[in-house]
Amino acid sequence: MAVSRTGWQAAFWGALGEEMGREDRIENCYAARDYGGNTVALLLNRVNAPDEESDPFPIYVGVRMQTQGTPPGRQWTFSRAHSPVRAASEVAEYLRTLGWAP
């Protein structure tokens, strides 16, 4: 388990980059990442306040350019106890079903 919220986030993005065959060099944990036209984003839990240390981690994957027939986005909510590496693996598996290949 990651020691801090920022540690969990960094571990998630690092593991997702590894799973997808490219290093994640973006320092902002809330900046969306693009994987072949699919956007992956770590969402905030509330609009008007920063996340608490114990808040879950909502991860969203959606097609960058929505058109008719585009599959809807998918969202996961991982708890602090959920391994960030396992979370990244679940998201990477979904990205692969959308056609991403490193």
Side-chain angles (χ1 to χ4, degrees):
M1 185 164 106
V3 176
S4 68
R5 182 166 196 78
T6 56
W8 194 101
Q9 294 164 329
F12 170 80
W13 288 120
L16 183 61
E18 224 174 271
E19 283 266 352
M20 303 313 292
R22 67 180 199 198
E23 184 179 354
D24 184 85
R25 295 181 181 185
I26 301 172
E27 291 185 26
N28 181 347
C29 65
Y30 292 106
R33 274 64 165 180
D34 181 76
Y35 286 96
N38 298 293
T39 299
V40 180
L42 173 63
L43 306 175
L44 291 165
N45 285 282
R46 57 192 67 73
V47 177
N48 59 350
D51 285 341
E52 300 286 332
E53 214 29 63
S54 62
D55 281 339
F57 299 93
I59 307 291
Y60 172 80
V61 173
V63 176
R64 185 172 7 115
M65 298 297 289
Q66 292 285 331
T67 61
Q68 187 173 0
T70 301
R74 180 165 176 200
Q75 185 170 325
W76 296 258
T77 302
F78 298 110
S79 71
R80 259 312 276 288
H82 197 100
S83 161
V85 174
R86 191 167 342 133
S89 180
E90 290 176 42
V91 172
E93 184 177 321
Y94 180 68
L95 285 168
R96 287 186 202 99
T97 69
L98 297 174
W100 171 265

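Just the heavy atoms: all of them, side chains too, but no hydrogens, waters or symmetry mates, feed the values below.
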Undergrad: Do W76 side-chain atoms and V61 backbone N/O form a donor-acceptor pair below 3.5 Å?
TA: no
Undergrad: Which heavy-atom pair separates N45 from P56 by the least distance, and what is that distance?
TA: ND2-O, 2.9 Å
Undergrad: Looking at every heavy atom in both W13 and C29, which two are closest together, and how far apart are they?
TA: NE1-O, 3.0 Å
Undergrad: When you measure from the side chain of R33 to the backbone of D24, do you find a donor-acceptor pair of N or O atoms at a distance under 3.5 Å?
TA: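 Not at all, since once roles are kept as given, no pair shorter than 3.5 Å links the two residues.
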Undergrad: Taking CD in Q9 as the centre, count heavy atoms belonging to other residues, nucleotides or ligands within less than 6.0 Å. Is the count above 12?
TA: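 More than 12 heavy atoms, drawn from other residues, nucleotides or ligands, come within 6.0 Å of this atom.
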Undergrad: Regarding R86 and the six-membered ring of F78, is the cationic atom NZ or CZ under 6.0 Å from the ring centre and inside 45° of its axis?
TA: no
Undergrad: Determine, stepwise, if the pair Q75 / L43 fulfils side-chain contact (heavy atoms from CB on, under 4.5 Å).
TA: CA-CA 10 Å; Q75 185 170 325; L43 306 175; 3.7 Å; yes
Undergrad: Is it the case that one hydrophobic cluster holds both F57 and Y94, taking links as side-chain heavy atoms less than 4.5 Å apart, direct or via other members?
TA: yes
Undergrad: Determine the sole option in L98, V91, L16 for which the side chain to side chain contact (heavy atoms under 4.5 Å, CB included) test with Y35 is passed.
TA: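 Filter result, single survivor: L16.
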Undergrad: Is the number of heavy atoms from other residues, nucleotides or ligands under 6.0 Å of E53 CD greater than 12?
TA: yes
Undergrad: Check whether F12 and I26 end up in the same hydrophobic cluster, where Ile, Leu, Val, Met, Phe, Trp and Tyr are linked by side-chain heavy atoms less than 4.5 Å apart.
TA: no
Undergrad: How long is the straight-line distance from CG of D51 back to CG of L42, given to the nearest 0.5 Å?
TA: 7.5 Å
Undergrad: Please determine which of R80, R5, R46 meets the salt bridge (Lys or Arg N to Asp or Glu O under 4.0 Å) test together with D55.
TA: R46
Undergrad: Search all heavy atoms of L44 against all heavy atoms of P58 and return the closest pair with its distance.
TA: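 Where L44 meets P58 most closely, the heavy atoms are O-CG, 4.3 Å.
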